[in-house]
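Below, chain A is the first sequence line, B the second, and so on; all start at residue 1.
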Amino acid sequence: MPLIEPRTLKGFRDYLPEAQIPREWLVDTARRVYRSYGFLPIDTPALEYEEILAGKGGEESDKQMYRFEDHGGRRVALRFDLTVPLARFVAQHQHELGLPFKRYHVASVWRGENTQRGRYREFMQCDFDTIGTESIASDVEMVLVVHDLMRAIGIEGFTIRVNNRKVLVGLLEAQGIETGVTPILRALDKHDKIGLEGVRRELVQAAGLTPDQAQAVTSPLLVERADEATQRAPRAELDRLEQSCPLSPTGLRGLTELRALLGGVEAAGVDPRRVRLDLSIARGLDYYTGTILETSLDELRGIGSVCSGGRYDDLANLYTKERLPGIGASLGLDRLLAGLDELGRLPRTRATAPVFVPYFDEARLHDYLAFCAALRCAGLGVELYPEPRKLKAQLQYADRRGFACAIVIGSDEWAAGTCQVKDLKQQESASVARVDATGALSRELLERLRRLSGS
RNA sequence: GUGGCUAUAGCUCAGUCGGUUAGAGCACCAGGUUGUGGUCCUGGGGGUCGGGGGUUCGAGUCCCCUUAGCCACCCCA
């Protein structure tokens with residue numbers, strides 16, 4: 001019989017323990033931070049009616065969306081982000097949820113685009129959003145969550161860049177530009193990559209602006225970057241922007257919102273140097289209307305944004321007549337993992353339990369099982385080797401898996417009521433009492449194990 | 001979706017001008033006397049040389065197609 005070649009689809013990946021352990025750690029961390037702000041967990045189906053998803057994230061999303069016909073002849077599609085399904089979800093369950101509604105959602109999404117380092121066709125997003133309020137407090141909170149999240153992951157060198165779509169729109173309106181906004185925003189978004197001249201060139205060539213318009217639209221990029229050392233930096237930039245760039249009333253409203261946002265973030269105690277105003281970030285998704293945010297790792301600017309989001313006035317207007325404003329951001333889990341890996345910041349361990357117990361004395365299986373169960377009752381993670389192989393091989397296994405310690409109990413130890421606790425990292429070994437006078441695990445043993453396993 | 005580079009053992013790679021039964025290191029398994037782990041020694045399993053077609057007496061090696069990976073563009077997390 002011919003064997004079937006084991007393989008995975010382009011852009012889809014298996015996760016071996018070495019990769020999945022840090023992945024789960026990252027997800028756990030994100031969840032903990034989201035919950036600390038009161039966000040509630042939800043889940044939605046991977047597959048939706050095509051009409052729910054199509055046309056919601058702009059043309060590009062449509063092209064990348066996995067779409068097909070199911071067995072019942074229905075047009076269906078795999079979700080390409082978590083925000084559009086959220087809009088449907090809120091429109092459908094609004095009255096059960098109550099507003100404002102804060103949710104987080106950790107799940108896979110699918111995009112049929114070309115693969116690259118840190119970019120796949122199936123990847124995980126960790127979103128949080130607040131629906132049903134336009135208060136600037138929610139905008140501030142979004143920045144705070146991202147800030148706390150990055151620190152919880154153990155990253156200190158990161159920059160959250162904020163902007164406001166209204167400012168961009170206001171700039172364009174002041175130049176009499178009302179349509180064809182998207183290509184203009186895209187060009188601005190490339191400022192980091194292609195520089196000021198590159199942006200102007202693209203504005204003229206790709207977006208069809210006159211050179212004068214291109215000059216005016218990019219003028220905010222010329223506003224002198226505030227000195228990083230002065231704490232009031234971004235707000236001074238806003239003042240200069242207001243004085244030097246022509247803005248429509250919408251643009252002025254955007255400036256007011258940005259001031260309120262930065263003021264709130266500062267009041268919450270965030271180091272102002274971590275939050276920078278950047279008038280060039282635009283975000284590709286069409287639905288953003290106010291605050292927008294991107295987060296980059298200072299040591300790895302090249303991988304782009306690892307966490308981004310913004311405010312949308314009314315994402316759910318396609319599904320309900322109620323007006324449902326929202327704001328939220330998304331952590332790009334796989335991209336961030338690729339970045340952390342490159343920085344060597346991922347834990348290397350392959351073990352999930354710290355304590356290893358060799359199955360040494362073949363006749364004592366029940367005693368090993370009872371001993372391990374008692375350790376687990378005491379709150380310790382324990383793996384018992386499943387076969388009574390040579391001790392050498394079992395210890396080698398424990399060593400390679402990265403266990404913190406091993407507890408060797410052979411016939412001598414069983415008879416004496418002791419055990420040998422081995423510190424696998426330091427290559428040290430000590431014989432300690434296994435049980436006390438009452439037959440319970442000895443305090444000495446538990447204390448030693450807790451110290452070795454770092455819990 | 002467009003363009004460039006690549007594909008040999010589980011992993012990283014050698015393999016000369018096209019020439020005999022395709023190699024190394026690491027990893028894995030088994031030993032180096034009965035109960036002790038990152039070193040060392042010995043042995044073992046594992047490859048239709050990504051897949052298909054072509055040129056040739058002969059293809060891992062040359063040509064075409066295809067699939068996958070990497071890089072850039074596009075876009076984005």
Sugar-phosphate, base or nothing in reach of [X], heavy atoms under 4.0 Å:
X      : answer
A:K190 : sugar-phosphate
A:Y120 : base
A:D412 : base
A:G11  : sugar-phosphate
A:Q396 : sugar-phosphate
A:T115 : sugar-phosphate
A:R389 : sugar-phosphate
A:D127 : nothing
A:R400 : sugar-phosphate
A:K392 : base

Minimum-distance nucleotide (side-chain atoms of [X] versus [options]):
X      : options             : value
A:L391 : B:G69, B:A77, B:G35 : B:G35
A:V408 : B:G38, B:C76, B:G35 : B:G35
A:Q427 : B:G69, B:G37, B:C29 : B:G37

Between the base of [N] and the side chain of [X], is there a donor and acceptor pair under 3.5 angstrom?
X      : N     : value
A:R186 : B:C75 : no
A:K422 : B:U36 : yes
A:R119 : B:A77 : no
A:Q394 : B:U36 : no
A:E294 : B:A77 : no
A:E413 : B:G35 : yes

Less than 4.5 Å apart, side chain to side chain, heavy atoms only: is that true for A:F403 and A:D399? no
Find out whether A:Y397 and A:R389 are in side-chain contact, i.e. whether some heavy atom of one side chain is under 4.5 Å from a heavy atom of the other. no
Taking only Lys NZ, Arg NE, NH1 and NH2, and the carboxylate oxygens of Asp or Glu, determine whether [X] and [Y] approach each other closer than 4.0 Å.
X      : Y      : answer
A:R119 : A:E113 : yes
A:D271 : A:R273 : yes
A:R88  : A:E48  : yes
A:D129 : A:K102 : no
A:R434 : A:E413 : no
A:R200 : A:E197 : yes
A:E428 : A:K422 : no

Stacking here means centres under 5.5 Å and planes under 30°; does A:F360 stack on B:G35? no
Judged by each residue's nearest nucleotide on RNA chain B, which is more toward the 5′ side, A:M124 or A:K10? A:K10
Which sits closer to the 5' end of RNA chain B, A:G410 or A:V306, going by the nucleotide each is nearest to? A:G410
Return the set of residues passing side-chain hydrogen bond (donor to acceptor under 3.5 Å, both in side chains) with A:R13 (not counting sequence neighbours), or none when no residue passes. A:Y15, A:Y120, A:D334
Taken in chain and number order and not counting sequence neighbours, the residues that satisfy side-chain hydrogen bond (donor to acceptor under 3.5 Å, both in side chains) with A:R335 are none
What interatomic distance, in whole Å, is found between [atom1] of [M] and the corresponding atom of [N]?
N     : M     : atom1 : answer
B:A68 : B:A24 : C1'   : 26 Å
B:C29 : B:C73 : C1'   : 48 Å
B:G32 : B:U39 : C1'   : 14 Å
B:G15 : B:C75 : C1'   : 42 Å
B:C11 : B:G53 : P     : 25 Å
B:C76 : B:G69 : P     : 22 Å
B:U48 : B:U8  : C1'   : 13 Å
B:A22 : B:A27 : P     : 26 Å

Interatomic distance where [atom1] belongs to [X] and [atom2] belongs to [N] [whole Å]:
X      : N     : atom1 : atom2 : value
A:K390 : B:A30 : NZ    : C1'   : 8 Å
A:R401 : B:A27 : CZ    : C1'   : 12 Å
A:L293 : B:A77 : CG    : P     : 11 Å
A:Y385 : B:U36 : OH    : C1'   : 15 Å
A:F80  : B:C75 : CZ    : P     : 17 Å
A:E428 : B:G38 : CD    : C1'   : 15 Å
A:I407 : B:G37 : CD1   : P     : 18 Å
A:N114 : B:C5  : CG    : P     : 16 Å

For RNA chain B, just give me the dot-bracket, please: Watson-Crick or G-U, both distances below 3.5 Å, ( ) intra-strand, [ ] crossing earlier pairs, | paired with another strand, . unpaired. (((((((..((((.....[...)))).(((((.......))))).....(((((..]....))))))))))))....
